[in-house]
K.L.:
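Could you have a look at this structure, given as structure tokens, before my questions?
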Amino acid sequence: MHYNASRITVDPFVTYTTESGGKHSLRTRFFRTEDLNNTDQNSNSEMYYMEYQYQKHFSGNLTMTTGAVFNYSEVHSGPLYGTHFTTNAAAFAQFDKKFKRLTLSFGIRGEYYKTDTIETRENINWLMDASMPIAKQSLVKPVLRAGANYRLAEATFFRTSFGQGFRFPTIAERYIKTSAGGLDVYPNTALVPESGWSSEIAVKQGFKIGSFKGFVDLAGFWTAYRSMMEFTFGPFGPSTAHNYGLGFQSQNIGNTRIRGLELSIMGEGKIGQVDITTLLGYTYIDPRQTDYNPAKDTVNTFSRSTANSDLLKYRYQHSGKADVEAGYKKFSTGMSVRANSFMKSVDGLFESSYFFPGMKE
């Protein structure tokens with residue numbers, strides 16, 4: 001492929017602080033991309049973005065932040081995506097309150113999405129029963145977030161948080177039609193948005209050993225998705241097409257849950273005149289499809305997970321990283337190491353000895 005891309009970005013912004021201490025800020029952006037190639041997959045897009053935010057500090061260590069966001073984009077791509085228009089608008093408010101040892105945060109945001117003529121309400125019902133008429137459904141998807149941070153001791157902090165999320169299908173997920181490396185990718189105009197929530201509970205402990213100081217952070221997290229979107233392999237095209245209609249397509253795979261633990265150790269110090277910086281990290285996740293049905297979800301051999309279970313595909317359950325850097329005057333050198341456990345679940349096609357001999361072994 002011969003490929004040429006251009007990007008243009010213009011970012012006007014203004015900030016104004018009133019005599020009473022209120023802060024107004026307006027950030028805008030114009031972003032244009034043009035991608036040209038010799039494989040009939042040209043595309044160009046334009047995005048217009050604007051965000052207004054007002055922040056005010058009150059007595060008693062209370063901070064209020066409110067604002068609104070508007071985002072409009074259009075994509076012209078011929079056979080790759082076609083021509084589509086998207087709009088996203090949102091309004092938000094957040095309150096942060098600091099006490100002696102405790103900091104509390106609470107926020108709410110309302111999201112509206114539209115792609116061509118498809119609006120938020122036409123794809124998901126989150127306030128009312130699905131059987132109710134569309135006219136009685138809200139166009140705005142509300143999401144909440146809350147958090148707390150408490151200083152238990154001089155260098156010991158405890159935190160917890162909860163937040164909701166909502167994601168509308170992208171133009172690529174809904175409309176893309178392409179081929180890469182002999183594999184086809186098919187559009188799915190029936191995609192519905194995914195929504196979910198995430199929570200965390202963690203403790204952070206600072207330490208000092210001689211000239212070496214840093215912190216240890218241990219966090220447990222739990223995330224749940226409804227109608228989660230993922231690219232899946234299967235017979236999504238016509239049987240008369242290339243590869244007999246087999247290829248990838250973004251699908252709502254159902255309800256999922258990802259929980260796990262994360263441990264991080266960061267520190268810095270000196271060995272003689274050499275500055276040492278270290279970062280160690282380990283993450284464990286347990287990603288599951290909570291509404292997994294063996295009778296239904298293993299019918300298609302090509303998209304069946306390797307483990308033939310509810311384990312989500314293409315995820316490392318154990319991963320670790322280590323980074324050490326040594327600096328002396330204006331020179332520095334370092335080493336970074338990453339390790340992942342065996343990927344237990346993939347699309348069944350890639351275990352086929354006919355298509356990919358030896359890969360399963």
Side-chain angles (χ1 to χ4, degrees), residues 123-127 129-131 141 143 162-170 172-174 176 183-201 219-237 239 243-262 282-319 340-356 359-361:
N123 291 274
I124 192 168
N125 307 314
W126 14 260
L127 292 176
D129 186 84
S131 62
K141 166 64 176 175
V143 292
F162 172 85
Q164 295 176 311
F166 176 73
R167 192 170 77 82
F168 210 66
T170 65
E173 289 171 319
R174 191 188 290 272
I176 190 170
L183 294 175
D184 293 322
V185 183
Y186 291 97
N188 184 3
T189 58
L191 273 178
V192 302
E194 67 179 22
S195 58
W197 56 266
S198 179
S199 61
E200 180 191 58
I201 185 169
F221 55 88
W222 189 302
T223 302
Y225 294 91
R226 181 180 179 184
S227 301
M228 187 177 187
M229 289 180 279
E230 279 199 342
F231 274 93
T232 301
F233 192 85
F236 300 119
S239 59
N243 286 341
Y244 307 101
L246 292 172
F248 282 92
Q249 184 184 71
S250 185
Q251 292 270 314
N252 293 109
I253 64 172
N255 301 330
T256 63
R257 178 213 68 214
I258 302 174
R259 59 187 177 184
L261 295 170
E262 187 170 45
Y282 165 76
T283 303
Y284 165 76
I285 63 170
D286 180 36
R288 303 286 174 175
Q289 184 176 344
T290 55
D291 55 358
Y292 174 78
N293 182 351
K296 170 187 173 185
D297 296 331
T298 60
V299 171
N300 180 10
T301 303
F302 292 109
S303 62
R304 182 181 59 200
S305 64
T306 308
N308 192 18
S309 70
D310 59 350
L311 190 68
L312 296 180
K313 293 177 287 188
Y314 301 111
R315 287 164 173 84
Y316 300 111
Q317 289 189 273
H318 301 270
S319 59
N340 298 311
S341 62
F342 181 75
M343 186 180 288
K344 296 181 180 179
S345 182
V346 300
D347 280 292
L349 168 81
F350 298 115
E351 291 194 314
S352 167
S353 59
Y354 178 80
F355 291 104
F356 301 96
M359 181 172 288
K360 183 176 181 177
E361 289 75 16

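Keep in mind that what you see is a predicted model, and the values were worked out from it rather than measured.
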K.L.:
How far apart are the closest heavy atoms of S227 and P193, and which atoms are they?
P.N.:
CB-O, 3.7 Å

K.L.:
Within the side chain of R174, is there an N or O that forms a donor-acceptor pair under 3.5 Å with the backbone of T189?
P.N.:
yes

K.L.:
To the nearest 0.5 Å, what is the distance between CD on E230 and OH on Y314?
P.N.:
9.5 Å

K.L.:
Closest approach of L261 and G220, non-hydrogen atoms and distance?
P.N.:
CD2-CA, 3.7 Å

K.L.:
As an exercise, state the distance from CG of N255 to CD of Q289, rounded to the nearest 0.5 Å.
P.N.:
8.5 Å

K.L.:
Going by the rule side-chain contact (heavy atoms from CB on, under 4.5 Å), which residues pair with A224 if we only count those two or more places apart in sequence or in a different chain?
P.N.:
W197

K.L.:
Does the side chain of Y282 come within less than 4.5 Å of H318's, by heavy atoms?
P.N.:
yes

K.L.:
Once side chain to side chain donor-acceptor pair (under 3.5 Å) is applied, do any residues pair with T223, and if so which ones, sequence neighbours excluded?
P.N.:
S198

K.L.:
If you apply the rule side chain to side chain contact (heavy atoms under 4.5 Å, CB included), what do you find for Y292 with L311, and how did you get there?
P.N.:
CA-CA 9 Å; Y292 174 78; L311 190 68; over 6 Å; no

K.L.:
Measure the spacing between CZ of F166 and CD of E194 and express it to the nearest 0.5 Å.
P.N.:
9.5 Å

K.L.:
Excluding sequence neighbours, so at least two apart, what forms side-chain contact (heavy atoms from CB on, under 4.5 Å) with F356?
P.N.:
L349, F350, M359

K.L.:
Mind checking whether T290 and D310 have side chains closer than 4.5 Å, heavy atoms only?
P.N.:
no

K.L.:
Contact between T232 and D347 at the side-chain level, heavy atoms closer than 4.5 Å - yes or no?
P.N.:
yes

K.L.:
Between A190 and N252, what is the shortest heavy-atom contact and its length?
P.N.:
O-OD1, 4.3 Å

K.L.:
Got a second to check how far F162's CZ is from I201's CD1, nearest 0.5 Å?
P.N.:
14.0 Å

K.L.:
Only counting residues at least two apart or in another chain, list the ones meeting side-chain contact (heavy atoms from CB on, under 4.5 Å) with Q249.
P.N.:
Y186, N188, F236, Q251

K.L.:
Taking atom types as modelled, find out whether E262 and T283 have a side-chain donor-acceptor pair closer than 3.5 angstrom.
P.N.:
yes

K.L.:
Looking at side-chain heavy atoms only, is the closest gap between R167 and Y225 below 4.5 Å?
P.N.:
no

K.L.:
Rounded to the nearest 0.5 Å, how far does OG of S341 lie from OH of Y316?
P.N.:
8.5 Å

K.L.:
With sequence neighbours excluded, tell me which residues meet side chain to side chain donor-acceptor pair (under 3.5 Å) with S319.
P.N.:
none

K.L.:
Measure the spacing between OG1 of T256 and CG of D291 and express it to the nearest 0.5 Å.
P.N.:
8.5 Å

K.L.:
Can you check whether V346 reaches K313 side chain to side chain, under 4.5 Å on heavy atoms?
P.N.:
no

K.L.:
Do the side chains of Y284 and Q317 get nearer than 4.5 Å, heavy atoms only?
P.N.:
yes

K.L.:
Less than 4.5 Å apart, any side-chain heavy atom of L246 and any of P235?
P.N.:
yes

K.L.:
Who pairs with T170 by side chain to side chain donor-acceptor pair (under 3.5 Å), at least two apart in sequence or on another chain?
P.N.:
E173

